[in-house]
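First up is the structure itself, then whatever we jot down about it.
Counting starts at 1 for both ligands and their atoms, in listed order. These numbers come from a predicted model, not from an experiment.
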Amino acid sequence: MITIKSQSEIDLMRKAGKVVAECHELLESKIEPGITTLELNRIAEDFIRKSKAYPTFLGYYDYPFSICASINEQVVHGFSNKEPLQEGDILAIDLGATLGGYVGDAARTHGVGNISEEAKKLIAVTRESFYKGMEFAREGFRVSDISHAIQTHVEENGFSVVRDYVGHGIGQQMHEEPQVPNFGKPGYGPRLQAGMCLAIEPMVNIGDYKVRLLDDGWTVVTKDGSLSAHYENTIVITGSGDPEILTLL
Ligand code: MF3
Ligand code: CO
């Protein structure tokens, strides 16, 4: 069942989304060569708790951190550790906050110091593909219209979209119906309706779309070792045109 949120529920989604957006802004200001992902994880957890929210990922199916920190060829769900970030790395941070019973979920990918032109392009195309999807996140379209727009932009730029992990409905649960793949033919899946809340999250590889899981049971990496980027926001479909992005300030 796809839940349709009332205005008062959307207000709560906005509050949760704001904590996520502010936390991303704080982390972005800290990212530089030498800092560790464990330090970033601590900064995020402290900020989320200080905001009277709970770090949604912590303990979710026993996930042991408040952020997912995925470096270079890591696609999603990377573990934080004590390795200092190095100039030239790219770091995807995904985080969630639960406030007033509702969840916000968003991911960003950052360069650490100077990064290659190809890495810059990967990060830019991943973010742009989210916005291409947004053009179809409106009443009158279907879920796979979003998917198709994302895939088209990524592939036009010579990159590939991950198939094994997808976006999702979101609300009182982090993962609700429907699934929102980042690939597929247009015109399929549920019709979009005002009050639907979705987490749209393209995961994009420079090389092949195939991924594999590391022995820690969580970290997803590209099979070919190529760089991967992630960009995600929680949005709400409105009755009047553009969706509202809940995890941007
Ligand atoms: N944002 C992610 C998702 O949408 C990551 C959650 S995984 C977790 O699925 F286990 F860390 F929570
Ligand atoms: Co998500």
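For ligand 1, the atoms sitting less than 4.0 Å from at least one non-hydrogen atom of C68 are 11 (F), numbered in the order shown with element in parentheses. Listed by number with element, the atoms of ligand 1 under 4.0 Å from a non-hydrogen atom of W218 are 10 (F). Distances below 4.0 Å separate heavy atoms of Y60 from the following atoms of ligand 1: 10 (F), 12 (F). Remark: ligand 1 atoms within the under-4.0 Å shell around heavy atoms of M174 are 6 (C), 12 (F).
Some N or O of D105 is nearer than 3.5 Å to an N or O of ligand 1, by distance alone. Ligand 1 has a nitrogen or oxygen under 3.5 angstrom from a nitrogen or oxygen of H168. Ligand 1 has a nitrogen or oxygen under 3.5 angstrom from a nitrogen or oxygen of E201.
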Checking side-chain hydrogen bond (donor to acceptor under 3.5 Å, both in side chains) for the pair T98/T56: CA distance, chi angles, key distance, verdict? CA-CA 6 Å; T98 307; T56 316; 2.8 Å; yes
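With hydrogens and angles left out, the side-chain atoms of N233 and T247 include a donor and acceptor closer than 3.5 Å. In summary, the side chains of H175 and Y60 do present a donor paired with an acceptor at a separation below 3.5 Å, with no hydrogens or angles considered.
Atom 9 (O) of ligand 1 has H175 NE2, 2.7 Å as its closest protein atom, hydrogens excluded (heavy atom only). Shortest contact from atom 2 (C) of ligand 1 to any protein heavy atom: D94 OD2, 3.1 Å.
Ring centroid separation for the pair H77 and Y165 comes in under the 6.0 Å cut-off. Between F79 and Y63, a ring centre-to-centre spacing shorter than 6.0 Å is recorded.
Ion pairing between a basic and an acidic side chain is recognised when a charged N comes within 4.0 Å of a carboxylate O; R14 and D11 show such pairing. Taking a cutoff of 4.0 Å between a charged side-chain nitrogen and a carboxylate oxygen, E176 and K5 qualify as a salt bridge. A salt bridge links E22 with K18: at least one charged nitrogen is closer than 4.0 Å to a carboxylate oxygen.
When distances from the Co ion (ligand 2) to the N, O or S atoms of D105 are compared, OD2 comes out shortest. No other N/O/S atom of E232 lies as close to the Co ion (ligand 2) as OE2 does. Here the N, O or S atom of E201 that is nearest to the Co ion (ligand 2) is OE2. When you scan the N, O or S atoms of H168 for the one nearest the Co ion (ligand 2), you land on NE2.
Of the heavy atoms in F57, both backbone and side-chain atoms come closer than 4.0 Å to ligand 1.
Considering I90, V112, L85, V221 as possible partners of I71, the one that fulfils the side chain to side chain contact (heavy atoms under 4.5 Å, CB included) test is L85.
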